[in-house]
Amino acid sequence: MFIPKQRPWQSPEADVTPKGLYLNRRKIIASGGALALTGLSACEAQSDQDSAASMPTGSRPASGELAHRTTDYQVADPLTPYPAVTGYNNFYEFGIGKDDPARYASALTTDPWSIEVEGHAARTGRFALEDVVDFSNLEERIYRLRCVEAWSMVIPWIGVSLASVLASFEPTSDARYVQFVTDLDRDEMRGTRFPVLNWPYVEGLRMDEAMNELAFLAVGLYGEVLPNQNGAPIRLVVPWKYGYKSIKSIVKIRFVSEEPETSWNRSAPHEYGFYSNVNPNRAHPRWSQRSERVIGGNVFARRDTEMFNGYSEQVAHMYAGMDLIENH
Amino acid sequence: MARNPLLRTVSRHFLKPLTFWLLALPGLWLGWQWAMLLNGQAHGLGFNPIETTHRFLGDTAIRVLLISLAVTPVRDLTKWGPIMMVRRRIGLAAFWYALLHILAYLGLDLFIEAGTVTGALAGLWRDVTDRIYITLGMSAFVLLIPLAITSFNRMQRWLGARRWQGLHRIVYPLAILAVLHHGFMVKGFQLAPWIHGAILAALLAYRLVGIKARKTPHPSASKS
């Protein structure tokens, strides 16, 4: 394994001001200003500050902080820096360059946003995003992201478990798979004017995969509202699968009985299978998947790719007895 | 055109050095960006500098190769003869960029992954045999080697003009392999390899039309 050397120009982790601390500092400065103006007691200023910090239940902020709780979903490796997470993206709807999404995704209107639910479920129809995700009950999960292009990141997502959202639609026993569809707007998504893929982007999971504890719907990262280039306002995160399974800017959820079409599988079936589980033993026909480039740290850093991206304990049982080379 | 005295002066004194520096520019830029990166300063290589390096060197090699193939048509259309003085140097620059492209792939991918030189070479062989776009790209590079070796005046004289020209006609299949290498590498349906392919097709078509148009067999059109 490659152990990154601490370069003289890299500030050690301990030197970086934790986000909570600097935000707190802003609040103190702001409340100090209020104090000077109104002459309130420090005690009252304190309570003022508390009420400003607590979010009204269920409301969706357009940007900035998202109230959330932390969880045990942690990764030993350091987080990928925010500029890399939000500046190096595959979101072909905004262009094929890695910096295209950061440049052009701001054109996407994410408010209002609704999700259409179809197929084998008791509750179907069109739902406002605020009715699908409880914004007063968000959690943070730090997951590895492994792109099929053999690079990886570690990202602190904010969101809700996919299982809780899907269960709220009361899928029936005929719902054996779930398909997701990305928004398609030729005006706002300039990349869709060219058929890199057959738009709109579609992805899918087997129902047990979708209900797995790790499957997650993210509405934020690094404690803030999801930037558009990362799939705002809501995206899937399935950390044991290659990144392209984690579909962005979801507008439709379909409960189906047959294995649904997925975009990359349709584009190149021998390269991208339905399952797309991270698997170092199954090379992509055009490159090895044994190891991955770590984005955002030492430029030469590589790490060995792990089976199921290191999440075997949580997901391996779902594929017991399956040939994962055949069913790639 | 050559009757223009200014152009004649430029051709005689500046064309070769100017071409040299223009061809060196992409390499100098890349080296400068890596120097900045290794010094911890802001650089233009993005968040995946190794990937950027591979793409940049590969694109530059193909584009310089296409420019070298465009020299003769430009001469024919503009009647600006002196441009022929820099054709070989442009072709040779394509070789240097292709070589850097392969060294970067060997060093920054295969060596870092394997940890040893023999491991890297084993990885290279595995890639050449297993991965079609690397098979294509490596074939293109292997075909480029004899052209680079015979690019010196002495080699040209030793081979004789006719044999030299015959040998250097390899550049056409080689360019096709290079563009296919690019096309088989990208994900989804992307435009860039098709643009390179269209330019190459136009340049090849120009040659074929030229050969047919000549009533009397021209030395360059004879069998080699």
Side-chain angles (χ1 to χ4, degrees), chain A residues 1-2 7-11 80-90 92 95-99 102 147-153 191 194-199 201 244 263-264 266-268 271-272 283-288 290-305, chain B residues 33-56 59 104-105 107-115 119-120 122-137 180-195:
Chain A
M1 206 193 131
F2 194 95
R7 304 273 163 169
W9 64 84
Q10 293 172 326
S11 26
T80 305
Y82 185 85
V85 172
T86 57
Y88 189 77
N89 307 98
N90 274 330
Y92 283 9
I96 53 172
K98 293 286 190 288
D99 48 359
C147 179
V148 73
E149 296 167 0
W151 52 262
S152 68
M153 295 186 179
F194 189 77
V196 182
L197 290 167
N198 190 355
W199 312 112
Y201 193 85
Y244 61 86
S263 281
W264 280 106
R266 195 161 55 190
S267 162
E271 297 190 348
Y272 311 100
H284 183 283
R286 294 187 277 149
W287 55 83
S288 163
R290 292 225 159 265
S291 67
E292 62 209 40
R293 229 176 259 150
V294 180
I295 299 294
N298 180 323
V299 59
F300 303 113
R302 280 193 92 93
R303 67 187 293 278
D304 290 334
T305 296
Chain B
Q33 298 307 317
W34 270 97
M36 306 270 274
L37 185 155
L38 295 174
N39 263 308
Q41 289 168 278
H43 58 84
L45 297 171
F47 293 105
N48 194 343
I50 295 177
E51 178 75 15
T52 308
T53 301
H54 293 329
R55 300 278 179 136
F56 182 80
D59 279 342
Y105 156 64
L108 299 176
D109 276 359
L110 297 175
F111 179 73
I112 288 180
E113 195 174 0
L124 175 68
W125 181 247
R126 187 195 59 216
D127 277 359
V128 167
T129 51
D130 285 5
R131 312 195 193 291
I132 181 70
Y133 80 104
I134 292 183
T135 314
L136 290 164
L180 287 176
H181 158 71
H182 186 197
F184 275 87
M185 186 265 306
V186 298
K187 281 167 66 196
F189 178 58
Q190 296 192 19
L191 214 47
W194 289 95
I195 293 173

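Every chain is numbered from 1, with letters handed out A, B, ... down the list of sequences. Bear in mind that the values here come from a model prediction, so they are computed numbers and not experimental data.
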Worksheet item: Could B:Lys187 and A:Glu149 be called an ion pair, given the rule that one side-chain N must be under 4.0 Å from one carboxylate O?
Response: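 Judged by the 4.0 Å cut-off on N to carboxylate O distance, B:Lys187 and A:Glu149 do form a salt bridge.
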Discussion item. Given heavy-atom pairs under 4.5 angstrom as the criterion, report whether the side chain, backbone, both or neither of B:Leu191 touches chain A.
Written reply: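 Both parts, backbone and side chain.
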Worksheet item: For B:Tyr133, does its backbone N or O pair with a side-chain atom of A:Arg286 as donor and acceptor, under 3.5 Å?
Response: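 Checking the backbone N and O of B:Tyr133 against the side chain of A:Arg286, no donor-acceptor pair under 3.5 Å is found.
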Fill in: Between A:Ala283, A:Gly296, A:Pro195, the one whose heavy-atom pairs under 4.5 Å with chain B are most numerous
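Top option by heavy-atom pairs under 4.5 Å: A:Pro195.
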Practice prompt. Evaluate the ring planes of B:Phe47 and A:Tyr88, with Trp represented by its six-membered ring, and classify them as parallel (under 30°), tilted (30 to 60°) or perpendicular (over 60°).
Written response: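 Perpendicular.
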Does any backbone or side-chain atom of [X] lie under 4.5 Å from a heavy atom of chain B? Answer side chain, backbone, both or neither.
X        : result
A:Pro285 : backbone
A:Ala150 : neither
A:Asn89  : neither
A:Arg293 : side chain
A:Val148 : side chain
A:Ala268 : neither
A:Pro81  : neither

Taking all heavy atoms of [X] and all of [Y], pick out the closest pair and write down the distance.
X        : Y        : value
A:Ser267 : B:Gly188 : OG-CA, 4.1 Å
B:Arg131 : A:Ser288 : NH2-N, 3.4 Å
A:Ser291 : B:Glu113 : OG-OE2, 3.0 Å
A:Trp151 : B:Asn48  : CD1-ND2, 4.1 Å

Discussion item. Does anything in residues 37-46 of chain B form a salt bridge (charged side-chain N to carboxylate O under 4.0 Å, His left out)? List the pairs, not counting sequence neighbours.
Written reply: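 Salt bridge (charged side-chain N to carboxylate O under 4.0 Å, His left out) check on residues 37-46 of chain B returns no pairs.
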Fill in: Approximate separation, where rounding is to 0.5 Å, of A:Trp287 CH2 and B:Ile134 CD1
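Going from the CH2 atom of A:Trp287 to the CD1 atom of B:Ile134 covers 10.5 Å.
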Discussion item. If you define the side chain from C-beta out and look only at heavy atoms, does anything of A:Arg302 sit under 4.5 Å from B:Asp109?
Written reply: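 They are in side-chain contact.
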Worksheet entry | More than 12 heavy atoms from other groups under 6.0 Å of CZ on B:Phe184 |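 Not buried by this count: 12 neighbours or fewer within 6.0 Å.
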Worksheet item: With a cut-off of 6.0 Å (strictly less than), are more than 12 heavy atoms of other residues, nucleotides or ligands near CH2 of B:Trp34?
Response: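 Counting neighbours around CH2 of B:Trp34, more than 12 heavy atoms of other residues, nucleotides or ligands fall under 6.0 Å, so yes.
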